[in-house]
Every structure is written in C-alpha cells, then in structure tokens.
Engineer: 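Just passing along the structure, written as structure tokens.
Here is the naming used below: chain letters follow the sequence lines, and residue numbers restart at 1 for every chain.
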Amino acid sequence: MDHYYEVSDLRVTFAGDSGRSVAVEDVSFYVEPGEVVCFVGESGSGKSVTQLAALQLLPVPPASIESGKVLLSGENLMQYKAQSATMRAIRGGEIGMIFQEPMTSLNPTKQIGLQITESAMLHLKLGRREAEEKAVDLLRQVGIPDPESRLRDYPHQFSGGMRQRIMIAIAMASDPKIIVADEPTTALDVTTQAQILELLTDLAKKNNIALILITHNLGIVARYAERIYVMYAGNVVESGGSMDIFARPHHPYTRGLIKAVPRLDLGEHRLIPIDGLPPSPGVRQPGCQFANRCPYAVDACRSKPSLDLIEGIHYCACHRKGEDFDLLESKDTEESHKTTEGLGEVLLSVKDLKVTYPIRKGLLNRKVGDLTILDGISFHIRRGETLGLVGESGCGKTTAARGILKLIEGTTGEVWLNGKEILSVPEKEFRPTRKNIQMIFQDPFSSLDPRVNVEDLVGEPLIIHHLVSGKEEYHQRVDELLRLVGLDPSLKDRVAHEFSGGQRQRVGIARALAADPDVIICDEPISALDVSIQAQIINLLEDLQEKMHLTYLFIAHDLAVVKHISHRVAVMYLGNIVEISDSEELYAHARHPYTKALLNAIPIPDPRVELEREHEMLRGEVPSVLMRPKGCCFAERCPFASEQCRQQKPVLQFDEKGHGTACWQIRQECGK
Amino acid sequence: MGRYMFKRIGQAVVVLLLVSIFAYLLTYMIPGDPVYAMLGGDITQEQYDIAYEAMHLDQPIVLRYFHWLMNFVTGNWGDSYRYSQPVAALLGARLPVTMYLGIWSIIISTIIGIILGVLCGTHRGKLLDSILITCANFGAVMPAFWLAVLGMYIFALKLGILPTHGFVLPTENLAESVRTTVLPLIALSVGSIGGTTRQMRSGMLDVIRQDYIRTARSKGLTERAVTWKHAFRNAVLPVVTLTGMSFRNIVAGAISIEQIFAIGGMGSLMINSILSKDVAVVQACIMLTAIVVTISNLVVDIAYGVIDPRIRVE
Amino acid sequence: MKNETNSKVKKFVKKLFKRKIVIFAAFLVVFFVITAIFAPLLTPYDPYKGDFRAVLAKPGRAHWLGTDETGRDVLTRIFYGARTSLMIGVVSVMISACIGVLLGLISAYYGGIINLVISRFVDVMMSLPSLMIALALGMVIGRGTFSLMVILGISTIPTYTRMMAGQVLSIKNRDYVIAEKVMGATNGRILLKHILPNCFSPILVLLTSNIGMTILAESSLSFLGMGITPPTASWGAMVSQGSAKLLINPVYGIAPGICVCLLVYGFNVLGDGLRDVLDPRLRGSL
C-alpha cells in the first residue's frame with residue numbers, strides 16, 4: 001500500500017558526552033493528503049526529532065540518521081543529501097514547518113514580508129511583485145488585519161499569536177502538500193491557541209494539506225486529530241484512529257496518560273499518575289522502554305515488543321493484552337477527597353489589592369504616570385481551603401502572588417493573614433512572620449539555587465527562623481520533610497540539577513513546608529512539568545493538604561487543573577477578578593463571557609465529547625496593560641459589550657450561593 | 001529614537017565633564033608644584049609669578065577648574081613648555097596623522113575580521129576553523145610594539161623594501177605614503193583582526209543555533225542564503241560594538257607604534273609629554289581621546305539602530 | 001562525600017582538557033610558572049651582572065640567546081622576566097578583582113544613587129583606553145614594581161564592575177533569590193550565600209584571561225619606559241632595548257616578545273576553556 005508521505009524504520013542517534021544515545025528508534029508512520037495526524041508524547045519522546053530527521057533538518061553531527069526510509073510519493077528522500085537541490089526543493093516546497101516559539105522563530109532583523117516572499121520566490125519561482133501579492137493574500141488568510149501596510153513591519157511589532165499566524169503564512173507560501181507543526185501553540189494563551197489551531201486545521205482542509213501536529217496536549221489531540229501516534233522514549237508505542245485510541249487505549253502508557261490529565265467535564269475525581277520518572281535521553285534499558293514505570297510489567301517485557309495490529313488501523317507495542325489491564329485497573333480507582341466540610345476560619349483575606357508601576361520618562365526619570373498591573377482584587381481563603389486563581393498571560397495572577405507576599409513595590413490595599421494586616425508592616429518587622437506564608441514556584445529549575453545541596457535548600461527556612469536546636473534535629477527534620485514529599489533522604493547531598501523536573505518540584509514543596517506555614521501560594525507549580533509528572537505533583541499537593549490541613553492559593557493558566565484541585569476558583573482578566581465561585585458551579589454555570597470563552601477554548605481530552613462541543617472563538621488577543629480599557633476590562637473582546645461596559649467598570653456582584661460576577665450584562669439579566 | 005539619542009547625548013556630556021575633572025586634577029595630583037607641572041622646572045621667579053596669576057592659583061579650586069574648562073571649550077588649551085607652542089596648534093598638526101592611521105586600521109581589521117569570522121563560523125569544527133581561530137587567538141595577544149619591531153627587522157632591515165621610520169600623508173606623496181604606512185598599519189591591525197575574528201565567529205555560532213535559522217533552513221534555503229541573508233546581520237551586531245570600542249584604542253595603539261616608527265602623531269606626543277611631565281599636553285590628549293571615544297560610541301548606537309530594527313522603533 | 005568531591009574535580013578536569021588546545025595553553029602557563037620559580041636553578045648566570053667581555057654576543061653555546069648591551073645573558077633575563085610578568089599579572093588582577101567585584105555587587109544589588117555614582121565612574125574609565133589611564137596614573141603615582149601593580153590594578157577595575165553588575169542584576173531577579181526573600185532571609189544572607197557564590201564562575205573566567213591582558217599591558221608600559229624600573233628584568237623593556245640592536249643581535253629584541261605572546265595566549269585560551277566548562281551559555285569564542 002502506497003502512502004503519500006511515509007517514513008519507515010527511522011533511527012536517529014545523538015553523540016553525547018557518554019557515547020551515542022538513541023533518540024528515535026525504528027519509527028514508522030505515514031500521512032495522506034488532507035489528513036490531520038497528531039504525534040503525542042512528553043519531552044524527550046522523540047516526536048520532534050522524528051520529523052526534523054525526516055526532513056534532514058537536524059544538525060549532523062551531533063545527530064546522525066542511522067537508518068530508515070523517507071518516501072514522498074514513492075521516492076526515497078534519504079538518497080539525497082541534506083543540502084542537495086532536490087532535498088531543498090522538498091523541504092519548504094512540498095513540506096512546510098511551523099515551530100513552537102513564535103517569539104524566536106522569526107528573524108528579528110528582517111521585514112516579515114521578505115520572510116514570507118522568500119519562500120514563494122524560491123519554490124514557486126515567482127517574481128518579487130507576484131510574491132508580494134501572494135504574501136498579502138496569505139496574511140489576509142491567516143487573519144492579519146491591514147496586510148498591505150504590515151508587510152514592511154518587523155516581527156517585534158507583532159504579538160505572539162500574530163507571529164504564529166505569520167509563521168503559518170510562511171509555511172503556506174510555497175503551496176506545500178504537508179505542514180509539520182511542532183507544538184505550534186504551546187507558548188500561547190488558551191484563547192489564542194484555539195484561534196491558531198482552528199485556523200491551521202481550516203486552512204489545511206481547504207487546501208487539502210496534510211497536517212502533522214506534534215503536541216503533548218491530549219486535549220488538542222482529541223479535538224483535532226484523525227489519527228494518532230503515541231510516542232515514548234523514541235518509540236511509537238501505539239497508533240491508530242483518534243476515536244479508537246481514546247475509547248480503547250491499549251498501551252499502559254497511553255492508558256496512564258489519559259487518566260493522568262484532569263478533565264474539565266468530569267466531576268471530582270482523583271488523578272492516576274504514571275509512577276516513576278520520564279526517560280532521560282541517552283539512558284536506555286533493554287526491552288520495553290516503559291517497563292520500569294509500567295504497573296503491569298511482566299518478565300516478557302525485558303524483550304522489545306513489536307508494534308502489532310490490534311484491529312483495523314490500531315497498532316500497539318506491548319506484550320500484554322488490553323483486557324488484562326481492564327481487570328487489573330478496576331481495583332485502583334480512588335475516590336476524591338475534596339470536601340468543603342471542615343473548612344476553618346478565614347485565614348488569608350485580600351482587600352482591593354492594587355499593584356502599579358511608575359512610568360518614568362525623560363532625562364531626569366520623572367514619574368509621569370502609573371501602569372496598573374493589578375486593578376484592585378479582593379478575595380478570602382479559609383483554613384484548609386484551596387482557592388484557584390486562573391487567567392491568561394498578563395492577567396496579573398503572578399503579580400497578585402508577589403503582591404500578597406510583599407515582594408514588589410507599589411502594592412496598595414490590605415492583606416490580612418491570621419487576623420493581622422501585613423501589607424503595612426515594615427519588612428524588618430515582617431520577616432519573622434514570613435514563615436507563615438510560603439510559596440512554590442513555577443520553574444523548578446530556576447527556583448532552586450544551583451550551588452546549594454538539597455539538604456540545605458530544604459533546611460534553610462529552619463535555620464533562618466531558628467526552628468531547630470541543633471545539627472541532629474536539623475538532619476532529622478530535613479529527612480522527615482524529604483520523605484513527606486516522596487524523596488529518598490539519601491539523595492540530600494546532591495545539588496538541584498542532578499534531579500529531574502518533578503523531583504526538583506518536590507524539593508521546592510519540601511522547602512515551602514519546612515517552616516510549617518499556614519498558607520502556601522502555588523504559582524503555576526506544574527506548568528513546567530511533563531503531563532505524567534503533573535498528576536504526581538497534583539496528587540502530592542492534595543495529599544499534603546489533607547494530612548497537614550494546609551491552605552493553598554493555587555495559581556495557574558490551565559482551568560482544567562485549577563478546577564480539579566480547587567474548592568473555589570477566581571477567574572482573572574487584565575488585573576481584575578471577573579468571576580469567582582465554587583469550582584463545580586463555575587464549570588456548570590459560568591456567567592461571565594470571558595469565563596465562558598475560556599471554558600470553550602480548552603479542549604477536553606476525549607474526542608467524543610469534543611465532537612459535540614461548539615468551537616466558538618473569542619476574537620482578538622489579551623491586550624497589553626498599557627492599553628487598559630476605561631470601563632470593563634473585557635469590553636473590547638466581549639461580543640455582548642454595550643456602551644455602559646465601555647465606560648463604567650463593573651464590580652463583583654454575588655448571588656446567594658457566593659457566585660460572584662463582574663459584568664454589566666449579567667447584572668441586567670439578574671435584575672429582570 | 002530621537003528621545004533616546006537625546007538621552008545618550010546627555011549622558012555623554014556628563015561623562016566628558018567627569019573626564020575633564022580627572023584631567024584637570026592631574027595637574028594637582030602630580031607630586032610637586034602645579035606651576036612647575038604646567039611649565040616645567042626651568043623657569044625664573046618672574047615667569048613663575050605670571051603663571052601663578054594666570055592659573056588663578058590664589059582662587060578656590062572649583063573656580064580654577066571652571067576657568068580652565070571655559071578656556072578649554074573656547075579652544076585655549078594652554079602652552080606646551082617642552083615645545084614652546086600652544087597645545088592646540090601642536091595637536092592640530094598631529095591628530096590627523098593618528099586618526100589617519102587609526103581609521104585605516106579599523107577599516108582593515110573590521111573587514112578582514114568579519115570575513116575570517118564568518119569563514120570560521122560556517123566551517124565550524126573543520127580544519128580551516130581550527131587554523132583560523134588559533135591564528136586569531138595568537139593575533140589578539142601579540143603586543144603591537146613587538147609586531148612593529150619584528151616587522152621593522154624583517155621588511156626594513158633585512159629585506160630593505162620598506163622604510164624603517166617616518167610618515168608621509170597621502171596628500172603629499174601617495175606612493176611614499178603607502179610605503180610608510182604599511183608596517184605601522186600591520187602592527188596596529190593584527191590585534192584587532194584577531195579580536196574581531198573571535199567576536200564574529202562566536203556571533204555566528206551563537207546565531208546559527210537560533211530558532212529563526214532553523215526556520216530559514218526549513219524553507220529550503222541554501223546554506224549560503226541562510227548565512228548571508230539570515231545569520232550575518234544578527235551576528236554582526238556584537239562586532240559593531242567591538243568596532244566602536246576600537247576607537248578607544250586608536251590613541252593607545254598609536255603610542256608605541258608612533259614611537260617605534262618615529263611618526264609625529266598624537267601617540268608619540270602623548271608619551272613624550274608624559275615622560276617629560278608636560279601636563280598641559282597630557283590634559284589635552286586625554287580630553288581629545290575621551291571626545292573621540294564618546295562620539296564613536298554615539299555613532300555605534302546609531303549604527304545599531306540601523307542594523308537592528310528592534311532598537312530603531314523605540 | 002570526599003570521594004564525591006574528588007570525582008567532581010576529576011570530571012571538571014576531564015571536561016576542561018577535552019580540547020587539546022586547552023592542554024597546550026595550560027602547558028604554556030605551567031612552563032612559564034616553573035621557569036619563574038626555578039629561574040636561579042635553570043641558569044648559571046646572574047640576571048643583573050653583565051659579562052663585559054661578551055657585550056651583545058650573538059646566540060651561541062655559552063649564551064643560547066646571546067647577551068644584551070651590558071653583557072647580561074638574554075635567556076637568563078627572560079627567565080627572570082617571567083617572574084616579573086607573572087607576579088605583576090597576578091597581584092594587580094587580585095587588586096582590581098577585589099575592588100571591581102565589590103563595586104559591582106554593591107551597585108547592582110542596592111541600585112539607586114550608589115549605582116549611579118559607580119556607573120558614572122565606570123563610564124569615565126571606559127571612555128579612555130586603559131593604557132592611557134595607566135600612563136596618567138603613572139605620572140601621579142610614580143614608577144616601581146608596586147606602583148605598577150596598583151596602576152594596572154586600577155585601570156582594569158571597570159571590566160569587573162561591569163561584569164559583576166550584569167551578573168547580579170540577572171541573578172537578583174531569579175526565582176531562587178525571590179524564594180530566599182519569601183523564606184525571610186536577610187539581604188546580607190542573600191548577597192553572601194546565594195548571589196556571590198553564583199557569580200564565582202564568571203569571575204574566575206575573567207580573572208584568568210585578565211592575568212594575560214595585564215601581562216600584555218605591563219609589557220607595553222615597560223616598553224614605553226613607564227613600567228618596571230631597571231635593572232629588574234621585564235620582557236617589554238627588553239624588546240624596547242633590543243629594538244635598537246636588531247642588526248647586531250635580533251634575538252635579543254624578538255625573543256622576549258614571543259614569550260609575551262605565548263604566556264598571554266596561554267592565559268586567554270585557558271580562560272576560554274574555563275568558560276566553556278563553567279559557563280556554557282557564553283560558549284562559542286573558541
């Protein structure tokens with residue numbers, strides 16, 4: 001059977017400090033025109049390397065393509081050198097690419113027009129005039145307003161979402177048959193992500209282009225993919241139709257992945273994480289790569305499983321049968337523990353918190369105005385409760401965290417901790433109180449001092465606040481804390497970079513717990529981690545809360561995660577809380593147009609559910625705080641905005657269930 | 001851009017004022033009487049008194065500085081006791097010589113350095129890269145004065161094809177001018193060729209790793225097009241800074257070279273004045289150098305804006 | 001624990017010397033350090049007393065590199081010149097590093113008026129070539145080995161201050177420093193326990209290559225007659241004196257210059273090698 005584009009038995013290795021390591025191991029796949037095929041896997045699974053290697057775009061050395069065929073309409077491309085004219089005509093001509101980082105993937109010193117026409121002139125042999133006409137047309141197609149005049153602009157004059165649209169235009173400029181999109185929306189906001197993916201799949205369908213979408217996001221896969229390849233540690237472990245795989249996942253890794261992701265549409269449920277650590281590049285074991293994390297591994301797994309047909313086009317590389325797992329699994333479904341009963345008194349209360357930066361201008365750096373980052377937010381958290389703070393980039397959620405912690409100047413309002421106002425207390429006086437309110441950071445790589453070993457990282461709060469009375473007690477406490485977060489205390493002499501991302505985040509959590517705080521502010525604690533590890537950390541945080549009666553302020557951009565972990569959720573937009581309510585209530589009865597749009601934009605990792613949802617797009621992008629609207633912060637993008645919305649700022653209006661909404665339109669509805 | 005330049009010019013003026021304070025105080029920091037510092041030890045009491053008056057030594061130091069600064073700004077830079085000439089006239093004759101050599105050296109070393117650096121960057125890890133970068137590393141550390149001595153020994157003394165000393169401006173005699181400039185120019189340029197090559201190479205290697213280069217390659221462009229159309233402009237930015245910095249070294253480099261080849265430029269004037277403690281000349285040399293450096297820094301800022309659109313818009 | 005430290009050192013050394021050119025550079029540095037330390041054992045001649053029967057002798061069996069105008073053995077003078085160069089290089093780099101690092105640390109961490117004053121000071125120093133500053137300071141402080149160390153030390157302060165300020169500014173806003181504040185650590189603790197140790201690598205790299213550049217500057221000053229006072233041996237001064245006798249004994253004027261090249265090259269490449277290992281983000285210049 002001949003496919004339009006087919007890769008078979010591709011094997012790629014990299015030269016490293018300790019010999020050659022296998023990045024892609026005998027991967028085969030195919031694509032037909034007009035198809036949307038998703039490659040899903042975590043970092044290091046080889047999903048990007050596979051595509052780059054097929055196009056001979058990998059730097060050789062250190063990379064090396066050991067074996068494999070790449071067939072385009074039956075012609076093997078591997079016979080051509082990477083720099084040969086034929087290969088170049090195919091790369092960019094037949095197959096276009098879109099990369100992850102729109103901020104860095106465009107040349108900052110070249111006008112975008114030139115970057116688009118370049119490809120058209122090279123592959124379609126168009127003249128400058130015609131190429132420019134084509135570029136204008138493409139820009140219009142990808143939704144850049146006023147394309148004629150923007151042709152001469154530079155990349156930095158566009159927002160991230162706009163730049164990704166330009167990337168799409170570049171990839172389309174040579175009328176390719178295939179577009180490979182490598183995590184095209186990972187760096188973008190959720191509402192922008194929805195716009196870009198919708199645009200991309202539309203264009204592909206319209207022009208009969210095959211779209212290869214590489215992603216780690218199961219929701220995106222479920223919403224857009226027709227066929228799926230699941231990759232793990234350089235191997236395709238399962239492949240088949242999207243419906244099939246989500247309905248009857250076969251490989252333990254696929255099964256694990258689907259269970260590890262929090263879902264918006266499900267009520268309270270406990271995530272089932274995949275145990276162990278993701279594979280580190282270069283370390284390979286004999287046999288099935290997943291065996292060491294697989295709960296069902298048997299002796300046979302010591303030999304490498306082949307990708308066997310299950311039914312139709314569904315293939316899986318596993319020695320065991322899916323039915324076995326179904327039996328085993330039914331036992332370990334756990335009940336969620338999230339209850340609102342037993343919540344204590346109000347522990348942390350924030351009133352009209354504002355953060356402004358002075359705008360300075362001129363030779364003397366005179367202050368000419370204020371830039372409002374946080375526009376007065378109020379909320380409270382009770383002991384033992386988790387309040388989720390969710391919003392897209394620039395909504396001020398991280399600023400809120402830092403403002404509450406007294407880390408930034410220009411913070412006004414009130415923050416009450418344990419019945420005491422802390423914002424007005426001078427730093428010196430406040431320092432001893434800091435142990436009561438701790439923080440877990442987003443990036444487990446930058447939040448741990450690279451030169452300090454884990455024992456001292458975790459133990460530092462103990463020393464600062466004189467919580468231990470001797471060496472002996474210090475060691476004991478640190479060991480105890482490490483065990484509490486699931487780390488082996490014998491590893492405590494190591495420094496942070498010797499750990500994986502998930503382990504580092506555990507160290508960060510242990511440090512936050514060390515001083516036995518009342519409140520922990522979690523600032524995007526899982527967004528830098530792989531999907532399978534995210535569930536581990538979420539469960540750890542939930543368990544710790546139950547065990548130690550902790551109180552969390554949980555900040556994230558992923559509404560599904562926030563809804564999963566929080567008792568209540570506050571949705572932020574441009575420095576304001578636009579809606580706040582119980583998490584289940586929020587999903588079921590969202591009122592604010594922004595919350596609705598946000599919920600709509602988040603894909604649910606189940607293609608059956610996705611089929612029935614409407615994909616209504618929010619227009620525009622999050623505006624810069626420099627251009628804050630006068631009235632409702634959302635008025636510019638809101639489909640229901642009235643004159644009142646544009647002129648007057650709405651405040652949170654609560655109903656009897658404690659569901660608050662800041663929207664003029666909702667208020668009118670309530671009035672009726 | 002306009003506002004930014006305005007701010008930069010303001011900063012430059014502040015720096016120049018601070019340099020002028022340093023230059024002025026030099027007179028008083030040198031051990032011994034400031035009058036002798038300005039006029040040398042070989043003067044009569046009468047001359048001393050006149051000078052004392054002229055330097056306003058009876059007034060507070062702030063006022064004296066102010067007087068001196070006003071004089072300097074209006075072009076009255078005092079007299080050199082060693083040459084018995086107004087400093088302004090002295091420098092007026094010598095600055096063009098130094099600048100002529102210096103600017104040629106910058107042009108030569110920037111062009112050659114950029115070419116070699118790009119060659120290294122595009123042949124990374126190959127033999128050509130290894131050879132060129134080793135040469136560049138050695139070039140960057142060769143003392144200019146030693147190169148001058150070596151060059152003089154080989155080309156002037158042994159082979160006898162170039163003159164051992166002297167300098168002729170091209171306006172006087174072109175052929176002779178070229179013959180006299182070759183050795184000083186080589187000695188002045190080898191170091192900066194080495195430095196520019198290193199910088200250009202590391203710029204290329206840095207840029208080659210960027211995402212937008214991968215984008216360019218994914219379009220199916222040839223390596224040549226990727227290098228020149230996409231990588232070069234971004235990689236050359238740090239070299240612009242380096243070129244700006246090399247203006248700083250025109251005078252410094254000229255000091256020993258002019259001494260060796262007996263060229264009457266600002267460098268040899270400066271070192272002779274320092275050795276004979278002719279303070280008025282040294283002060284003027286410091287101020288002139290600072291002015292040249294400051295102006296070249298401003299030019300670099302503008303050049304940056306031309307090459308990098310991200311700065312232009314601001 | 002001790003074994004672990006040992007293996008870390010081994011790993012570091014192995015990484016550092018992975019490139020042959022770095023081995024060569026280290027060899028050059030070690031070679032000159034040995035000649036400097038063991039100079040009296042390596043040569044039968046006195047570096048200061050000349051042999052009047054052999055003035056400006058050509059290289060031969062008795063004097064491998066010939067003699068100078070007072071009949072002193074050139075090779076011996078080169079050995080002792082290594083002493084001068086290394087001593088001045090190391091000491092003045094220590095002086096400038098201590099002052100420069102401190103200024104940079106303070107100016108970037110505290111900001112405000114302190115930062116303004118220090119930045120302007122650095123701007124002024126940067127607007128003049130360091131050789132010129134050294135020469136001007138030479139007029140003020142005078143000549144001699146110690147003065148020379150101070151002069152060369154002062155003239156290279158700005159490089160450290162700039163580097164340190166940049167480092168601190170970038171580290172100051174990293175999450176782990178913010179984490180310290182959240183924990184309740186004092187400014188002093190943050191500066192000394194977390195920021196300074198994390199600046200160690202770039203300081204070490206700059207230190208190494210600056211020793212080379214200072215040796216180069218010393219030779220220039222001595223060449224111009226503003227450096228080492230005779231009769232102390234200095235490579236720069238030897239080139240200066242030898243340049244007048246090129247036709248009689250060219251080796252006298254040229255050999256010391258080669259030594260300057262080799263030693264400075266050694267320090268520079270060693271610095272590059274250190275940077276590649278310690279600070280991979282800055283890699284690329286070699």
Engineer: Need one label for B/Leu221: side chain, backbone, both or neither, based on atoms under 4.5 Å from any heavy atom in chain A.
Structural biologist: both
Engineer: If every non-hydrogen atom of A/Glu118 is compared with every non-hydrogen atom of B/Lys229, which pair is closest and at what distance?
Structural biologist: OE2-CD, 3.8 Å
Engineer: Side chain from CB out, backbone as N, CA, C, O: work out which of these in A/Met87 comes under 4.5 Å of a heavy atom of chain B, or both, or neither.
Structural biologist: neither
Engineer: Would you indicate whether the side-chain heavy atoms of B/Arg233 and A/Lys110 approach each other to under 4.5 Å?
Structural biologist: no
Engineer: Kindly give the heavy-atom pair with the smallest separation between A/Pro108 and B/Asn234, and that separation in Å.
Structural biologist: CG-OD1, 3.5 Å
Engineer: For B/Gly220 and A/Leu122, which heavy atoms make the closest approach, and how far apart are they?
Structural biologist: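 For B/Gly220 versus A/Leu122, the nearest heavy atoms are O-CD2, 3.5 Å.
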Engineer: Of the backbone (N, CA, C, O) and the side chain (C-beta and beyond), which part of B/Glu223 lies under 4.5 Å from a heavy atom of chain A, both, or neither?
Structural biologist: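 Both parts, backbone and side chain.
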Engineer: Given heavy-atom pairs under 4.5 angstrom as the criterion, report whether the side chain, backbone, both or neither of A/Ile170 touches chain B.
Structural biologist: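 It is the side chain, since no backbone atom gets that close.
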Engineer: Please report the closest heavy-atom contact between A/Arg91 and B/Arg217, naming both atoms and the distance.
Structural biologist: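 Taking A/Arg91 first and B/Arg217 second, the nearest heavy atoms are CD-O, 3.2 Å.
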Engineer: Let me know which of A/Leu106, A/Asn107, A/Thr104 forms a side-chain contact (heavy atoms from CB on, under 4.5 Å) with B/Tyr212.
Structural biologist: A/Asn107
Engineer: Is it the side chain or the backbone of A/Gln111 that comes within 4.5 Å of chain B heavy atoms, both, or neither?
Structural biologist: neither
Engineer: Do you know which two heavy atoms are closest between B/Asp211 and A/Glu101, and how far apart they sit?
Structural biologist: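 Smallest heavy-atom distance, with atoms named: OD2-CB, 3.7 Å.
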Engineer: Would you name the heavy atoms of B/Thr215 and A/Ser105 that are closest together and state the gap between them?
Structural biologist: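 Minimum heavy-atom contact is OG1-O, 2.7 Å.
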Engineer: For each of B/Gly125, B/Ser218, B/Ala225, B/Ala216, tally heavy-atom pairs with chain A at distances under 4.5 Å, and name the one with the top tally.
Structural biologist: B/Ser218
Engineer: Should we say atom CZ of B/Phe66 is surrounded by more than 12 heavy atoms from elsewhere, each under 6.0 Å from it?
Structural biologist: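 Check fails, neighbour count at 12 or below.
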